[in-house]
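Structure first, then comments.
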Protein chains: 2
Amino acid sequence: MDMKFQTVDPQTISELLRTHQITPTTQRVKIAGILFAEAAHFYAEQVYARVNEGDAEVSKATVYNTLGLFVAKGLVRQVFVDPGRVFYDSNTKPHHHFYDTASGKLTDIDTLAVAVHEMPPLPADTEMESVDVIIRVSPRGAKPRPE
Amino acid sequence: MDMKFQTVDPQTISELLRTHQITPTTQRVKIAGILFAEAAHFYAEQVYARVNEGDAEVSKATVYNTLGLFVAKGLVRQVFVDPGRVFYDSNTKPHHHFYDTASGKLTDIDTLAVAVHEMPPLPADTEMESVDVIIRVSPRGAKPRPE
DNA sequence: GTATAGACTTGGAATAGTTCTAAGTCTAAC
DNA sequence: GTTAGACTTAGAACTATTCCAAGTCTATAC
């Protein structure tokens, strides 16, 4: 069976899932195949569209369940840049993002290129989970707001 | 440090709105009064609840319209930290945020406390709009990945 | 092999936040 | 006092996501 977008060996994917305590079902392997095939950022709807492009048949509920599971297991991470649309990022190495507000496109920024220093004291009795840096950009010349 | 929900002089607010090319209507002044009364972060639902606490009567549509208008005019800024819930921040000075993922509380971080240096090259033909740094925190000892 | 329990998947209904729409109200200018 | 245009409104519509109850699969016990 050939899957259009999947360029990652299903065997490899299954192992990846297993190392994250995820039982590799058919649907999960397909979804992971899409997420890890290329360094891109997807939202649920896109994953749903891609996974059902060929002869595959995966329900929307399963796409959401699976993405949620992957997040819980630390396989992918969520990026919030847009109201009401969660991006899923399969790059788990620490990095940041450009967000083109006009096109809605997310681009990675290597952590080496941006440095946050002098971390401020955290609120009392809390521990840090993550540091997200989002640099919003827009096409040059397109003035977002008149002065 | 505890200050109750205080009101800002409507006269002052009207002037503030006018300097931002916003006609100060009754509803807009009330909403701005809430936003600027204290240094807090609100989402639409909270503004709607507050503005209707007394005898006021402002519709949900107007709350959304007004918040959108304020954003467009640069009076407040949106913060995206949570899927499907936009925070509105009346602090327009450059600053960043702590986000407590357990309580959903946003806290300001002065830019002086965090510095992003070595800005990476922007994607071609784009210009920067903003740099948002969000440091996610959770109560110490809490299960890192809630289900 | 068959039985079975628990995990997984499913379509569709439900929900939440937000936007849209079309009609009504207010206001400033004439 | 009319009127045009800006503003507000209730409720419908919309979108992303979650929930639910029922059905399917799969690994293990026999």
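Here the structure is a predicted model, which is why all the values come from computation and not from measurement. Lettering follows sequence order; numbering is per chain, from 1. Side-chain atoms are counted along with the backbone in the values below, which use heavy atoms only and exclude waters and symmetry mates.
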Choosing from dA10(D), dT9(C), dG11(C), which nucleotide comes nearest the side chain of E57(B)? dA10(D)
I want to verify a distance call: between dA16(D), dT19(C), dT9(C), whose nearest atom is closest to the Y64(B) side chain? dT19(C)
Rounded to whole angstrom units, what separation is found between the NZ atom of K73(A) and the C1' atom of dA7(C)? 13 Å
Whole-Å distance, Q27(A) CD to dT10(C) C1', equals 9 Å
Would you mind telling me which of H97(A), H96(A), R136(A) makes a side chain to side chain donor-acceptor pair (under 3.5 Å) with D132(B)? R136(A)
Of dT17(D), dT8(D), dA10(D), the nucleotide closest to the side chain of A61(B) is dA10(D)
If hydrophobic clusters are built by linking Ile, Leu, Val, Met, Phe, Trp and Tyr wherever their side-chain heavy atoms come under 4.5 Å apart, do F36(B) and L67(B) end up in the same one? yes
Exercise: do H41(A) and D108(A) side chains pair donor with acceptor under 3.5 Å: yes
Can you work out whether F87(B) or T26(B) has the more 5'-proximal nearest nucleotide on DNA chain C? F87(B)
Over how many whole Å does the gap from L69(A) atom CG to dT17(D) atom C1' extend? 17 Å
Which whole-number value in Å describes the distance from I22(B) CD1 to dT8(D) P? 11 Å
Report which part of the nucleic acid T25(A) touches: base, sugar-phosphate, or nothing (heavy-atom distance under 4.0 Å, all strands). sugar-phosphate
Tell me which nucleotide among dT9(D), dT18(C), dT9(C) gets nearest to the side chain of N65(B). dT9(D)
Proximity to the side chain of S59(A) - top-ranked nucleotide from dT17(D), dT10(C), dG17(C): dT10(C)
Considering only heavy side-chain atoms of T62(A), the closest of dT18(C), dT17(D), dT10(C) is dT10(C)
Using whole Å, report how far CG of D82(A) lies from P of dT18(C). 12 Å
Output the rounded distance in Å from CG (N52(B)) to C1' (dT8(D)). 13 Å
Hey, does F80(B) have a side-chain heavy atom less than 4.5 Å from the side chain of D82(A)? no
Nearest whole angstrom, please: distance from the P of dT8(D) to the NZ of K30(B). 11 Å
With side-chain hydrogen bond (donor to acceptor under 3.5 Å, both in side chains) as the test, would you mind laying out the steps for T101(B) and E129(A) before giving the verdict? CA-CA 9 Å; T101(B) 54; E129(A) 280 185 9; 3.2 Å; yes
To the nearest Å, how far apart are R28(A) CZ and dA7(C) P? 11 Å
Taking the nucleotide of DNA chain D with the closest heavy atom to each, which residue, T23(B) or P83(B), is nearer the 5' end? T23(B)
